[in-house]
Trainee: 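To start, I am sharing the structure in question, which I have written as structure tokens.
All residue numbers refer to positions in the sequence shown, counting from 1. Predicted model, so just to flag it, every value in this text is computed and none were measured.
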Amino acid sequence: MLQNTGKLGGCTIFITGASRGIGKAIALKAARDGANVVIAAKTADPHPKLPGTIYTAAAEIEAAGGKALPCIVDVRDEKQINQAVEQAVEKFGGIDILVNNASAINLTGTLETPMKKVDLMLGINLRGTYLTSKLCIPHLLKSKNPHILNLSPPLNLNPSWFKNHTAYTMAKYGMSMCVLGMAEEFKGSIAVNALWPKTGNEVSVPPTKETMNADTAHKTCLNFFLGHPLLPDFFLDQEPEDLAKQMEEHGATPAFKSGKADSAATGPISDMFNIIRGILSPDIVKTTEAVYRFDLSGEHAGVWYIDLKNDAGSAGSGDPPTKADVIMTLDSADFIKMFGGRLKPTMAFMSGKLKIKGDMGLAIKLEKMMAMMKSKL
């Protein structure tokens, strides 16, 4: 981890999406350097499945040594951004650094991506970045050392990065084009850069993606550079198939396999699997002893698995690590109902909503896990 220098002491950093994840990690890193941090994010009330609010993030930032200003901001809402900018200037006297971190992701193909998801990604990633930058720039121009840092990829026109998730790629590249255009437009006045995640491969205890991006953001704002070898992520100059293999060799989990996008990398199915992973145990594995594969269609199409046969069990996206004993094919909406305790596998099968390939008895054994899921929801 990069040591703090104190050079950000007294600087005001406006970070979108800073209530959790990479945004909060960057905020905490800056706070340890004595920065003032504006937490511009939507989550004011606790989310039922995701940790953190703008207020809990503010408490952590102040505990780390910084000063915090939590602001309720949807980056699609010009009025909310304006209010947050005005509050930041009033409280801290100006804005020195803007970090456009807020982003939406949906890794599905053109026919599988609902327009509401397209609008969401373009609204947050592209328009939100442009709008937040536009409203902060008049204040950044008054700073002695202003920066804009976008969490966005290099503009790689390799078709591999378009074919599986065109809408997401367009939205993220929109953020990158903001960097390209504004860097030239405000050359000599504001330093405009992009930061895109990579995974470290030469450390004894691998840092989290959040920590590495926080360190790199810190270095970027202090005009430093990375000094250790890294593994690539999305949109870098490498084919998805090779990238997935290389990431897995180093213990990372790519969000795609064999060139196919994980169509539910975020959303309700992913949320369900987070809960499933949380309740897995050797006892459940012992009473089940089966590997399940789920081929989901509909709004959140994709392939997922639950391994209740090996070790303490595992669950995730893509094909299971070993051959599936049972393959279940159903609509993603029915999957959510099933694991939410509102639809039994036997009833789903009898009504034609669920197709089962394999041992029906093993399918019924899943009902124990589903009952446990219901108590967690």
Trainee: Just verifying a value: how many Å separate Asp33 CG and Leu28 CG, rounded to the nearest 0.5 Å?
Mentor: 12.5 Å
Trainee: Please determine whether side-chain contact (heavy atoms from CB on, under 4.5 Å) holds for the pair Val291 and Leu308, giving the CA-CA distance in whole Å, both sets of side-chain angles, and the decisive distance to 0.1 Å.
Mentor: CA-CA 6 Å; Val291 177; Leu308 298 178; over 6 Å; no
Trainee: Hey, are the side chains of Pro321 and Asp307 touching, using non-hydrogen atoms and a 4.5 Å cut-off?
Mentor: yes
Trainee: Indicate the atoms forming the closest heavy-atom contact of Val75 with Leu131, along with that distance.
Mentor: O-CD2, 4.0 Å
Trainee: Cut-off 3.5 Å, side chains only: do Thr16 and Thr132 have a donor facing an acceptor?
Mentor: no
Trainee: For the residue pair Leu330 and Lys355, establish whether any side-chain heavy-atom pair is separated by less than 4.5 Å.
Mentor: no
Trainee: Identify the two heavy atoms, one from Ala194 and one from Leu149, that lie closest to each other, and give their separation to 0.1 Å.
Mentor: C-CD1, 4.0 Å
Trainee: So, taking the atom named CD in Glu289 and the one named CG in Asn310, what distance separates them when rounded to the nearest 0.5 Å?
Mentor: 10.0 Å
Trainee: Mind listing the closest non-hydrogen atom pair of Ile54 and Ser19 along with its distance?
Mentor: N-CB, 3.9 Å
Trainee: Search all heavy atoms of Leu98 against all heavy atoms of Ser133 and return the closest pair with its distance.
Mentor: CD2-CA, 3.5 Å
Trainee: Drop me the distance from Leu140's CG to Met182's CE, to the nearest 0.5 angstrom.
Mentor: 10.5 Å
Trainee: Would you say that Ile72 contacts Lys42 through its side chain, given a criterion of any heavy-atom pair below 4.5 Å between the two side chains?
Mentor: no
Trainee: Please report the C-alpha distance between Asn36 and Ile13 in whole Å, then the side-chain angles of each, then the deciding distance to 0.1 Å, and finally whether the side-chain contact (heavy atoms from CB on, under 4.5 Å) criterion is met.
Mentor: CA-CA 6 Å; Asn36 308 317; Ile13 305 182; over 6 Å; no
Trainee: Is the backbone N or O of Pro153 less than 3.5 Å from a side-chain atom of Ser176, with the two atoms forming a donor-acceptor pair by type?
Mentor: yes
Trainee: Of all the heavy-atom pairs spanning Ala315 and Ile276, show the shortest one and how long it is.
Mentor: CB-CG2, 4.0 Å
Trainee: Evaluate whether atom CZ of Phe186 has more than 12 neighbouring non-hydrogen atoms of other residues, nucleotides or ligands under 6.0 angstrom away.
Mentor: yes
Trainee: Roughly how far, to the nearest 0.5 Å, is OH of Tyr168 from CG of Asn106?
Mentor: 10.5 Å
Trainee: Given ring pair (Phe, Tyr, Trp, His ring centres under 6.0 Å), test Phe92 with Phe14 step by step and report yes or no.
Mentor: CA-CA 11 Å; Phe92 299 125; Phe14 191 106; over 10 Å; no
Trainee: Would Glu112 and Lys117 pass as an ion pair if we require N to O under 4.0 Å?
Mentor: no
Trainee: If only side-chain N and O atoms count, and only distance matters, is there a donor-acceptor pair under 3.5 Å linking Ser103 with Asn125?
Mentor: yes
Trainee: Parallel, tilted or perpendicular for Tyr292 and Phe294, by the 30°/60° rule?
Mentor: parallel
Trainee: Walk me through whether Cys71 and Val38 qualify under side-chain contact (heavy atoms from CB on, under 4.5 Å).
Mentor: CA-CA 7 Å; Cys71 297; Val38 182; 4.1 Å; yes
Trainee: May I ask you to test the Lys187-Val192 pair for a side-chain heavy-atom distance under 4.5 Å?
Mentor: no
Trainee: So, are Glu62 and Lys67 salt-bridged, with charged N and O less than 4.0 Å apart?
Mentor: no
Trainee: Would you call Lys309-Asp325 a salt bridge at under 4.0 Å N-O?
Mentor: yes
Trainee: In terms of hydrophobic clustering (I, L, V, M, F, W, Y; side-chain heavy atoms under 4.5 Å; direct or indirect links), are Trp304 and Ile356 co-clustered?
Mentor: yes
Trainee: Looking at every non-hydrogen atom in both residues, tell me the closest pair between Met175 and Asn150 and how far apart they are.
Mentor: O-ND2, 3.2 Å
Trainee: Does a side-chain heavy-atom distance below 4.5 Å link Asp334 with Leu354?
Mentor: no
Trainee: Answer yes or no: is there a side-chain heavy-atom contact under 4.5 Å between Lys24 and Glu60?
Mentor: yes
Trainee: Report the C-alpha separation of Leu69 and Val37 in whole Å, then their side-chain angles, then the decisive distance to 0.1 Å, and conclude whether the side-chain contact (heavy atoms from CB on, under 4.5 Å) test is met.
Mentor: CA-CA 6 Å; Leu69 174 63; Val37 182; over 6 Å; no
Trainee: Linking I/L/V/M/F/W/Y whenever any side-chain heavy atoms sit under 4.5 Å apart, do Val179 and Met121 land together?
Mentor: no
Trainee: Determine whether the side chains of Thr129 and Asn100 contain a donor N or O and an acceptor N or O closer than 3.5 Å.
Mentor: no
Trainee: Does Ile15 share a hydrophobic cluster with Ile22, counting links as ILVMFWY side-chain heavy atoms below 4.5 Å and allowing steps through other members?
Mentor: yes
Trainee: If we only count heavy atoms from C-beta on, is the Glu78 to Leu135 side-chain gap below 4.5 Å?
Mentor: yes
Trainee: Start with the C-alpha distance between Lys353 and Asp331, add both sets of side-chain angles, then the distance that settles salt bridge (Lys or Arg N to Asp or Glu O under 4.0 Å), and finish with yes or no.
Mentor: CA-CA 7 Å; Lys353 294 181 177 180; Asp331 189 275; over 6 Å; no
Trainee: How many angstroms lie between atom CD1 of Ile137 and atom OG of Ser189, to the nearest 0.5 angstrom?
Mentor: 10.0 Å
Trainee: Taking Tyr130 as the starting point, is it possible to reach Leu155 by hopping between hydrophobic residues whose side chains are less than 4.5 Å apart?
Mentor: no
Trainee: Any side-chain heavy atom of Glu86 within less than 4.5 Å of one from Glu90?
Mentor: no
Trainee: Find the distance between CG (Leu180) and CD (Glu185) and round it off to the nearest 0.5 Å.
Mentor: 11.5 Å
Trainee: Are Phe273 and Tyr305, when compared by the centres of their aromatic rings, separated by less than 6.0 Å?
Mentor: no
